[in-house]
Amino acid sequence: MSGKVKIYYFNGRGRMESIRWLLAAAGIEFEEEILESREQYLKMIKDGLLMFEQVPMVEIDGMKLVQTRAILNYISAKAGFQGKDMKEKVLVDMYVEGARDIGDMLLPLQFLPAEDRENSLKNIRKIACNRYYPVFEKVLREKGGGFLVGNALTQADLQLLEIIIMVDERMPDILKDFPHLQEFKALISALPQIHAFLQPGSQRKFMPDDNYVNTVRKVFNRS
Ligand code: P9H
């Protein structure tokens, strides 16, 4: 690899967190440029760092990558997290997108007025429990446990675990009727790179707070 990987984003999860998870699972070290001010963002655009004037941006292998999914797929391919053939790969992509559907519902939560958050969470819980979690529960049940696809770790496992943990933080009892998801969570969390990433002091970010939201608003000049 040419040079150390550098990632450009806010000091929070947002759209970068799955990329952090993937890099950590792949054992790829990375440093972070934390986006804090509008001036910094405008300079990045002026210097030609951001193709669509958006972050996440990741410098890797001499390239400046943007677009979250493109970045995730590049790192996954590099790490061997995409399944062993086309049929495994498309399953990996389907599961990743399914898990990201839940992630996409969580993303705007902290940006909502405080009084609307509880309702939104209730709705997310309903959709997760009725539509998404049963799918993953069934996949794991029929496979007899282990990884979601084939016999090795893929992007699908990482994306699902990230979502499970993120949802658990908000609704600690949500897995009670999903024994295979509980087992999956324990299994994948125990893999050495993941275990390390889940410890305090790693490059994992914490739940968004108002400070994070204010920084995002300031950088993008939004009210
Ligand atoms: N297709 C952060 C946290 C929660 C929800 C959204 C945004 C989209 C990709 C510049 N990036 C708030 O809206 C910030 C993208 C990338 C792309 C950006 C602008 C976003 C956020 C920052 N916006 O998948 O990578 O939308 O750079 O001028 O709107 S993330």
Side-chain angles (χ1 to χ4, degrees), residues 5-24 26 28 30 32-61 63-78 81-82 92-121 123-124 127-128 155-156 158-160 162-167 169-171 203-223:
V5 173
K6 191 165 173 185
I7 72 174
Y8 296 73
Y9 201 70
F10 303 98
N11 190 27
R13 290 177 180 172
R15 295 185 196 275
M16 187 61 99
E17 193 66 355
S18 316
I19 297 171
R20 295 189 185 97
W21 270 80
L22 212 44
L23 288 168
I28 300 174
F30 60 96
E32 304 201 36
E33 170 99 5
I34 303 287
L35 190 48
E36 277 166 327
S37 70
R38 179 141 183 94
E39 293 68 44
Q40 199 184 354
Y41 170 64
L42 294 177
K43 181 166 188 317
M44 283 171 69
I45 294 175
K46 190 159 143 264
D47 293 345
L49 298 189
L50 308 180
M51 184 182 280
F52 299 111
E53 306 188 357
Q54 291 171 327
V55 289
M57 193 276 271
V58 174
E59 272 178 356
I60 183 169
D61 298 339
M63 301 180 288
K64 292 179 177 35
L65 304 183
V66 294
Q67 291 295 351
T68 312
R69 285 179 168 77
I71 299 168
L72 289 169
N73 289 338
Y74 180 77
I75 299 166
S76 285
K78 209 176 151 69
F81 291 159
Q82 281 296 60
V92 169
D93 288 342
M94 284 163 57
Y95 296 157
V96 165
E97 294 304 325
R100 290 187 74 82
D101 284 352
I102 303 178
D104 288 347
M105 294 190 282
L106 286 169
L107 269 181
L109 205 61
Q110 199 66 24
F111 291 82
L112 297 176
E115 63 271 21
D116 294 345
R117 286 178 207 154
E118 202 171 318
N119 252 339
S120 175
L121 271 176
N123 193 38
I124 294 170
I127 298 173
Q155 189 188 170
L158 296 166
Q159 188 62 72
L160 180 59
E162 182 195 346
I163 296 300
I164 286 178
I165 288 179
M166 207 153 52
V167 171
E169 285 174 349
R170 310 255 187 193
M171 318 165 197
Q203 284 170 293
R204 192 159 77 100
K205 301 292 180 196
F206 291 93
M207 255 205 251
D209 56 14
D210 289 341
N211 188 33
Y212 169 70
V213 168
N214 291 336
T215 306
V216 173
R217 291 203 166 116
K218 187 179 68 184
V219 167
F220 296 139
N221 226 355
R222 298 217 195 98
S223 53

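Read the numbers this way: they start at 1 and go in the same order the structure lists the ligands and their atoms.
- Nearest residue to atom 19 (C) of ligand 1 from R222, Q110, Q54 is R222 (criterion: closest heavy atom).
- Across every non-hydrogen atom of I71 and P56, the tightest pair is CD1-O, 3.9 Å.
- Residues F30 and Q203 approach most closely at O-NE2, 2.8 Å, considering heavy atoms.
- With respect to atom 21 (C) of ligand 1, the closest heavy atom belonging to the protein is Y9 OH, 4.1 Å.
- V55 O, 2.7 Å is the protein heavy atom nearest to atom 11 (N) of ligand 1.
- Taking only non-hydrogen atoms, the option from N221, T68, L107 nearest to atom 25 (O) of ligand 1 is T68.
- The distance from ligand 1 to the heavy atoms of V216 drops below 4.0 Å at these ligand atoms: 12 (C), 14 (C).
- In terms of heavy-atom proximity, I124 sits nearest to M105 at CD1-O, 3.6 Å.
- Residue-ligand proximity: Y8 is placed with every non-hydrogen atom at 4.0 Å or more from ligand 1.
- Heavy-atom proximity to E53, at under 4.0 Å, picks out these atoms of ligand 1: 10 (C).
- The pair E162-R13 does not count as a salt bridge, with every side-chain nitrogen at least 4.0 angstrom from each carboxylate oxygen.
- Put simply, the residue from I163, L107, L72 that forms a side-chain contact (heavy atoms from CB on, under 4.5 Å) with R100 is L72.
- Atom 28 (O) of ligand 1 has its closest protein heavy atom at Y41 OH, 3.4 Å.
- Of all atoms in ligand 1, listed by their number and element, those nearer than 4.0 Å to a heavy atom of F111 are 3 (C), 4 (C).
- What sits closest to atom 20 (C) of ligand 1 on the protein, heavy atoms only, is R15 NE, 4.1 Å.
- The backbone N or O of I34 sits less than 3.5 Å from a side-chain atom of Q40, completing a donor-acceptor pair.
- Q54 places none of its side-chain heavy atoms less than 4.5 Å from the side chain of V66.
- A salt bridge is defined here as a Lys NZ or Arg NE, NH1 or NH2 lying under 4.0 Å from an Asp or Glu carboxylate O, and E33 with K43 fails to meet this definition.
- Looking at R20 and E17, a side-chain N of the basic residue comes within less than 4.0 Å of a carboxylate O on the acidic one, giving a salt bridge.
- Looking only at heavy atoms of the protein, atom 17 (C) of ligand 1 is closest to Q67 OE1, 2.9 Å.
- The nearest heavy-atom contact from the protein to atom 10 (C) of ligand 1 is F220 CE2, 3.4 Å.
- Summary of contacts: the protein heavy atom closest to atom 3 (C) of ligand 1 is Y212 OH, 3.4 Å.
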